[in-house]
Amino acid sequence: MYTDLNNKVAIITGGSKGIGTAISKRFGQEKMSVVINYNSDEKGAQNAADEVKQAGGQAVIVQANVATEEGNQKLLQAALDNFGDLDVWVNNAGMEIKSATHELSLDDWNKMIAVDQTGVFLGSKTALAYFKKNNKKGNIINMSSVHEQIPWPTFAGYAAAKGGVKLFTKTIAMEYAKDGIRVNAIGPGAINTPINAKKFADKEQYDQTVSMVPMDRIGDPEEVAAGAAWLASSESSYVTGITLFIDGGMTLYPAFKDGQG
Ligand code: BGC
């Protein structure tokens with residue numbers, strides 16, 4: 001646990017399931033106050049809020065579309081109205097749509113870019129404006145993916161967005177370093193979350209994914225949340241502009257693992 005996080009205020013987008021819920025819960029264990037954003041899954045968000053409270057933190061849930069300026073303003077306002085401040089903004093909401101690229105509709109492309117990339121821009125913009133105005137050494141964490149680095153055929157929109165998140169994170173980390181604002185990304189690999197539920201229910205696909213992980217297993221959302229807590233805390237005070245891969249080694253070129261090549 002990181003005691004400097006006690007009573008800090010965080011916004012977590014896409015908190016109604018998976019990694020977002022795990023981060024909310026972990027922040028609750030850190031005795032933080034959390035604004036849990038959801039798009040459509042109110043029940044999931046409520047469940048995440050209950051977990052935060054059981055863990056000893058405070059929580060409110062807020063419906064908002066992260067791809068809009070109004071949605072992000074609504075989240076900031078909820079943090080200020082309920083908890084009086086903002087310290088940490090986690091841009092976690094994300095989505096992926098599988099399609100051969102020559103068949104990917106413009107509509108599906110736009111949806112992925114809107115949530116996975118524009119959402120990260122707008123959340124960061126809203127947080128940065130608040131931090132600047134109030135002279136706060138705030139903290140931003142952007143959920144990227146191993147696919148900011150590993151090309152992913154049939155998921156071109158998602159990979160393009162995550163590649164964008166990578167350089168966006170590094171760019172604003174540099175732009176606001178002098179203000180004491182830290183900005184980092186997390187790059188999860190294959191994690192046991194609803195986004196992967198269908199794929200992992202199929203044994204063949206599950207085994208195939210595991211075979212691409214040097215540590216030979218799928219990760220847990222709590223292992224990603226642990227990275228978020230560390231990045232939010234002052235234990236990482238000299239860290240900005242990185243992507244922290246939490247991937248069991250997936251980014252290490254696993255095809256070479258037995259000395260091939
Ligand atoms: C995706 C998962 C995928 C993992 C590893 C993540 O970014 O959301 O669906 O299993 O990358 O390929």
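We count ligands from 1, going down the list as the structure has it; atoms in each ligand are counted the same way.
In this structure, W230 has its ring center no closer than 6.0 Å to that of Y2.
The closest approach between any non-hydrogen atom of K199 and ligand 1 is below 4.0 Å. Contact annotation: F155 has no heavy atom less than 4.0 Å from any atom of ligand 1.
Between K162 and M143, the closest heavy-atom pair is NZ-O, 2.9 Å. Taking all atoms of both residues into account, the shortest heavy-atom contact from I61 to A49 is CG2-CB, 3.7 Å.
Between R182 and S237, the side chains place no donor N or O within less than 3.5 Å of an acceptor N or O (distance only, hydrogens not considered).
T251 pairs by the side chain to side chain donor-acceptor pair (under 3.5 Å) definition with D247, not counting sequence neighbours. By the side chain to side chain donor-acceptor pair (under 3.5 Å) test, N91 pairs with W89, S124, N142, sequence neighbours left out.
Closest protein heavy atom to atom 1 (C) of ligand 1: E96 OE1, 3.2 Å. Summary of contacts: the protein heavy atom closest to atom 9 (O) of ligand 1 is N196 OD1, 2.6 Å. Remark: minimum distance from atom 4 (C) of ligand 1 to any protein heavy atom is reached at G189 O, 3.5 Å.
Around the CD atom of E175, the shell of radius 6.0 Å holds more than 12 heavy atoms that belong to other residues, nucleotides or ligands. Summarising the local packing, NZ of K257 is surrounded by more than 12 heavy atoms from other residues, nucleotides or ligands at distances under 6.0 Å.
Contact atoms of ligand 1 toward Y158: 1 (C), 6 (C), 7 (O), 8 (O) (distance under 4.0 Å to a heavy atom of the residue). Counting the atoms of ligand 1 from 1 in the order shown, those under 4.0 Å from a heavy atom of S145 are 6 (C), 7 (O), 11 (O). Close contacts of ligand 1 with M250, meaning ligand atoms under 4.0 Å from a residue heavy atom, involve 5 (C), 12 (O).
Residue H147 touches ligand 1 through its side chain alone, judged by heavy-atom distances below 4.0 Å. When heavy-atom distances to ligand 1 are checked against a 4.0 Å cut-off, K162 has no atom that comes that close, whether in backbone or side chain.
Not one N or O of W152 is nearer than 3.5 Å to an N or O of ligand 1, by distance alone.
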